[in-house]
Structures are given as structure tokens and as C-alpha cells.
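If you're wondering where the values come from, they're calculated on a predicted model, not measured in any experiment.
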Amino acid sequence: AQKVTQAQTEISVVEKEDVTLDCVYETRDTTYYLFWYKQPPSGELVFLIRRNSFDEQNEISGRYSWNFQKSTSSFNFTITASQVVDSAVYFCALSETTDSWGKLQFGAGTQVVVTP
Amino acid sequence: EAGVTQFPSHSVIEKGQTVTLRCDPISGHDNLYWYRRVMGKEIKFLLHFVKESKQDESGMPNNRFLAERTGGTYSTLKVQPAELEDSGVYFCASSKDAIGFDTQYFGPGTRLTVL
């Protein structure tokens, strides 16, 4: 069963617009980790953020911000004032601590297209 | 500090041939993971090494896939014989401490095309 759902397949925005990527996860573990990775056109997966299940504080890093809500099992990602360089596929991932040893379970990814 | 490297970046082979992919993790990282993304699907876990030992190989699709990590440094993933459905991008990742569920850093991937 799919444990991480990224319902948005593709989002297109014009430069300087804000864009929010949704991520909904499913787990029975009380301790788990959530991640976001960026895959630019060059193909590598670039780590953006890691959050553990006990830390529900929202985080901001430059134009990036993350909203973690355990009550709705969501870990959404917002890019403020988008730029062309933000064009990429963004993946949300879950790492469960039960019988997992750290393996990541990925969502299908959301393609973000930022046009000038 | 050098990141995770993978070789080759691309490989095109005929069905039935053998291909070996290589991954060099970040120096000092005991944990090495293999993942793959076949066309249109999610990135899926294949297996996990802790040093030279296979910790979890639950994601390996079948016995045509063989992964090794001799000496606990670099790892190889061999596909023999390759089938059409093996086409995709194979990613390698490494992390320092699996117990703490450290961040996994990914390599650029190897794009495998089986004709």
C-alpha cells in the first residue's frame, strides 16, 4: 500500500508566485521521519529537509517553508516567490522506525514548472 | 567532501546481457542504500547495507539482481540477465548512522535502458 501520497502530479506557476506541494503520509509508528528531496532536470536527488515525528514546529529556510501537521498526517512544502531554478520534481518521503532500518518510502513526486 | 558517486551515468544494453552498476558512498558512511525508479513509478527501495552486511534486501525484485559491498566501501549492483522491465534509474544513497535514521544523501543515479 502506498504510504506517501503526493496528489499533485504537476504544478505550473509564473515566476514570483507561491506554490504549495502537498504530502500526506500513513504510518502506525509513533516515531518516524519525513523528508523532502528535489530532483532538478540534471537528475540527482537533493536533500531539502528531515523532520522527526516529535517536532511539529514549522520550518523556514529562505524561500522554502514546511508545515508539519500530525493531526492530518501531512507535511506540506511551500516555495515562496518561485524562481525558474525551482523547476524540478519534488519528492516527499517517509522513514518508519519499525522494521525499517531507515529505508525511505517515496511519494510519486510533484513536477513544478516555473515560467518567467 | 565528495558526495555519493555512481558509475556509469548511462547504460544501454540488450535484453539478456549483464550490467554492473557501481556506487561509491560518502567517506565514513556505513549505510548504503539502493533504490530505483522505473518509468512512471515511484522511487522504490531495493536494499540496504550496513558496512559489508546486507541489512535489508526486501526490495530486491528477483534473483537476477545481485548486490555486493566487499570491504564495506563501494557497492555493486549486477543485473543478470537483464530484462526490459529493468529499465529505469538506479539511485544509490548513503548515510552515516542508520540507528538514528540519518539523512540519506543520493548519488546522481544510473539510467539503465534495456532494449
Side-chain angles (χ1 to χ4, degrees), chain A residues 1-10 23-27 29-55 59 61 66 75 88-111, chain B residues 1-10 23 25-26 29-51 53-60 67 88-112:
Chain A
Q2 186 66 25
K3 293 200 173 191
V4 179
T5 301
Q6 294 180 255
Q8 304 146 309
T9 304
E10 181 172 327
C23 174
V24 175
Y25 61 92
E26 178 185 334
T27 181
D29 287 7
T30 54
T31 303
Y32 53 89
Y33 295 82
L34 295 164
F35 301 80
W36 276 94
Y37 286 86
K38 172 183 179 180
Q39 186 183 37
S42 51
E44 75 275 21
L45 285 167
V46 178
F47 165 73
L48 295 179
I49 189 170
R50 168 179 176 266
R51 176 53 54 87
N52 75 57
S53 52
F54 296 105
D55 182 3
E59 183 156 339
S61 176
W66 290 269
F75 187 42
V89 181
Y90 292 86
F91 292 95
C92 179
L94 166 71
S95 181
E96 298 177 293
T97 52
T98 301
D99 194 29
S100 166
W101 284 90
K103 71 180 179 186
L104 297 174
Q105 299 174 80
F106 285 87
T110 298
Q111 172 84 56
Chain B
E1 179 183 90
V4 177
T5 58
Q6 293 185 246
F7 182 83
S9 56
H10 293 85
C23 168
I26 293 171
H29 282 196
D30 286 340
N31 300 281
L32 188 150
Y33 301 81
W34 283 98
Y35 296 85
R36 76 171 180 178
R37 188 182 192 199
V38 297
M39 185 67 72
K41 301 283 185 68
E42 295 83 19
I43 301 171
K44 291 286 194 185
F45 166 81
L46 295 177
L47 88 160
H48 169 209
F49 284 99
V50 177
K51 296 184 180 179
S53 300
K54 290 178 186 174
Q55 181 62 48
D56 180 358
E57 51 185 333
S58 61
M60 295 288 263
V89 181
Y90 290 75
F91 291 102
C92 174
S94 72
S95 71
K96 196 168 185 180
D97 174 17
I99 300 296
F101 291 82
D102 256 359
T103 297
Q104 293 177 32
Y105 295 94
F106 283 77
T110 293
R111 182 173 295 278
L112 174 64

Residues that B:T110 engages under side chain to side chain donor-acceptor pair (under 3.5 Å), provided they are two or more places apart: none

Honestly, the part of B:Q55 sitting under 4.5 Å from a heavy atom of chain A is side chain

Please classify the contact between A:Q39 and chain B as side chain, backbone, both or neither, with a heavy-atom cut-off of under 4.5 Å. side chain

Under 4.5 Å heavy-atom distance to chain A, tell me which part of B:R37 shows up: side chain, backbone, both or neither. side chain

Applying the side chain to side chain donor-acceptor pair (under 3.5 Å) test to A:T98, which of A:T31, A:T27, A:D29 qualifies? A:D29

Using non-hydrogen atoms only, which part of B:S58 is less than 4.5 Å away from chain A: side chain, backbone, both, or neither? side chain

Which residues share a side-chain contact (heavy atoms from CB on, under 4.5 Å) with A:S42, sequence neighbours left out: A:P40, A:E44

Quick one: sort the A:Y25 and A:Y32 rings into parallel, tilted or perpendicular, breaks at 30° and 60°. tilted

